[in-house]
Amino acid sequence: MNIQKLYAEAQELSTPKLRDDIVQHLYDRSHKLCAEGLTYTKSKRDTRTEKLDAVFTSPIFGFPIMIIMLGVLFYLTIAGANVPSSMIAEFFGFLEGYITSFFALIHAPDWLHGILVLGLYRGTTWVISVMLPPMAIFFPSFALLENYGYLPRVAFNMDRLFKRVGAHGKQSLTMAMGFGCNAAAVISTRIIESPRERMLAILTNNFVPCNGRWGTLIVLASLFMAANFTGGLKSLVTTGVIVGIVLFGIIVTFFVSWVLSKTLLKGIPTHYTLELPPYRKPKIFDTVIRSSLTKSWSVLVRAVKVAAPAAILTWVFANLYIGDTSILMYAVEFLDPFGKLLGLDGYIMLAFILGLPANEIVLPILLMGYLSTGSLTEVDNLVDLKQIFLNHGWTWLTALNMMLFSLLHYPCGTTLLNIYKETKSMKWTFLAFLIPTVIAILVPLIITQTVRYFGLL
């Protein structure tokens with residue numbers, strides 16, 4: 001009778017629960033044996049760590065604190081990057097005047113000035129002015145949290161959720177890396193030992209917005225979602241919208257991980273036993289210098305390398321005519337019906353296609369098309385920028401759909417290259433492109449058709 005009862009109880013235990021119970025039993029037994037054979041006095045540091053962990057890893061307070069931390073990090077990035085970005089852009093604009101004068105002095109042909117200055121120079125300087133200030137704030141701030149010992153607590157909290165969708169708890173660390181650069185995050189998946197779970201992390205990392213997409217998300221959230229607010233409140237509302245977009249991306253990550261773990265990547269999640277390190281005082285100077293110079297510089301160089309050819313190609317397309325119409329406009333007219341179906345337009349779709357090498361140049365390419373200047377265009381202020389969008393029929397729905405498409409669409413060229421290098425497979429690289437592309441199409445399509453059906457616009 002007792003054997004039957006034990007067998008019935010064993011049948012009721014799911015494999016993950018049984019594994020957790022075994023690990024918990026081993027930990028309790030080890031703790032008991034240590035308590036019987038060892039005597040030690042807790043230091044103030046140990047007591048402080050236990051008290052902080054009771055809050056940071058709490059099932060009740062752990063997740064709200066994570067969201068607040070994320071919001072504070074984004075607020076500092078958004079509020080702190082505006083002025084430096086404007087100053088850098090103005091500086092490059094000032095230099096462009098002298099460069100243009102030099103080309104006129106040596107009687108350079110217009111096409112050479114167009115390719116080198118209006119294409120190459122403007123494209124790369126836009127990337128620098130948009131990317132550098134946010135990176136200089138985000139990377140050091142993120143590194144301080146890592147140095148303090150908070151990120152392992154994030155992994156501990158997220159492990160419960162990733163385990164439920166069939167993924168690995170370490171994916172939370174690679175996902176966090178994706179906030180800076182998805183290409184670097186793909187390489188960081190090497191910390192996941194299981195090939196199946198590592199592939200899950202690679203295929204879903206793109207749903208975390210990288211630094212190249214922050215510019216588009218912040219500008220659109222500020223212009224349309226926080227349009228009725230000013231000053232610090234405007235930055236606060238913009239931050240709230242960005243946090244919401246990021247949380248949506250994380251939800252999509254969980255959903256796609258769950259679907260893949262039930263289909264293409266079936267398997268049982270490997271156990272993740274994480275020893276939480278003690279909290280420690282960050283080495284602020286070393287951390288800030290290392291993150292600001294090393295990480296920011298390496299990501300910026302990568303972005304410029306891929307943005308420069310794209311900027312030249314865009315200028316060529318905008319200035320090569322077949323009859324009275326440029327190649328760029330032919331492409332816009334071809335893509336426009338599909339774009340309208342998603343609540344976007346042909347200009348936006350083409351900007352994302354040409355922005356494949358680097359997400360940072362999507363917005364300047366879009367402006368170039370709207371203004372029909374034939375060159376990558378910079379706008380003096382956000383008021384002028386919003387008016388350009390409104391003149392082309394933009395609404396809050398257009399801005400929302402573009403933000404979601406920017407969040408969900410295919411990885412940039414560098415990330416795809418890294419995926420191929422890490423997987424050595426064209427199949428998985430293609431899936432890494434196809435899965436987010438399909439989702440990026442479906443989400444705006446559903447939202448647009450729903451809004452139109454209920455007459456909300």
Side-chain angles (χ1 to χ4, degrees), residues 80-137 211-216 218-220 222-223 296-297 299-321 326-329 347 350-351 354-389 391-392 412:
N82 290 333
V83 175
S85 289
S86 299
M87 293 175 63
I88 294 174
E90 289 176 4
F91 172 72
F92 283 129
F94 172 76
L95 286 183
E96 183 181 327
Y98 284 97
I99 296 173
T100 299
S101 299
F102 172 75
F103 272 78
L105 182 65
I106 63 174
H107 303 290
D110 291 340
W111 64 265
L112 183 62
H113 175 265
I115 290 178
L116 295 181
V117 179
L118 303 182
L120 176 62
Y121 179 82
R122 283 191 179 179
T124 53
T125 56
W126 179 290
V127 169
I128 293 172
S129 61
V130 168
M131 284 189 65
L132 185 57
M135 283 195 303
I137 298 172
N211 193 73
R213 286 177 275 183
W214 287 128
T216 300
I218 292 171
V219 167
L220 295 183
S222 176
L223 289 180
S296 299
W297 177 253
V299 174
L300 189 63
V301 169
R302 175 194 66 84
V304 169
K305 283 182 178 179
V306 295
I312 294 174
L313 185 64
T314 303
W315 185 91
V316 171
F317 282 166
N319 288 274
L320 279 182
Y321 284 77
S326 67
I327 295 177
L328 191 72
M329 287 308 300
Y347 290 99
L350 183 61
L354 294 178
L356 173 64
N359 290 304
E360 297 81 9
I361 62 174
V362 169
L363 202 54
I365 289 175
L366 177 61
L367 292 177
M368 180 198 69
Y370 278 160
L371 297 176
S372 300
T373 59
S375 60
L376 289 168
T377 305
E378 298 188 59
V379 180
D380 293 335
N381 54 64
L382 290 180
V383 176
D384 293 341
L385 180 59
K386 184 175 183 179
Q387 191 57 50
I388 293 171
F389 290 146
N391 291 342
H392 285 81
C412 69

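No experiment lies behind these values; they were computed from the predicted model shown.
- Distance check, rounded to the nearest 0.5 Å: OG of Ser326 to CG of Leu320 gives 9.0 Å.
- Nearest heavy-atom pair, Ala351 versus Val362, reported as atom, atom and distance to 0.1 Å: CB-O, 3.6 Å.
- Put simply, the side chain of Tyr121 gets close to the backbone of Phe92: a donor and an acceptor are under 3.5 Å apart.
- To the nearest 0.5 Å, the span separating CD1 on Ile99 from CZ on Phe94 amounts to 11.0 Å.
- Within a 6.0 Å radius of CG in Asn391, other residues, nucleotides and ligands contribute more than 12 heavy atoms.
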Verdict with reasoning, Asn359 to Thr216, per side chain to side chain contact (heavy atoms under 4.5 Å, CB included)
CA-CA 9 Å; Asn359 290 304; Thr216 300; over 6 Å; no
Val117 vs Phe102, side chain to side chain contact (heavy atoms under 4.5 Å, CB included): CA-CA, chis, key distance, verdict
CA-CA 11 Å; Val117 179; Phe102 172 75; over 6 Å; no
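- A distance of 9.5 Å separates OH of Tyr321 from CE of Met329, quoted to the nearest 0.5 Å.
- Atom CZ of Phe317 sits about 6.5 Å away from atom CG of Leu354, to the nearest 0.5 Å.
- Between His392 and Tyr370, the ring planes lie parallel to each other; the angle is under 30°, not in the 30° to 60° tilted range.
- In this structure, the separation between OH on Tyr347 and CG on Leu350 is 10.0 Å, given to the nearest 0.5 Å.
- We find the CD1-CG distance between Ile115 and Asn319 to be 8.5 Å, quoted to the nearest 0.5 Å.
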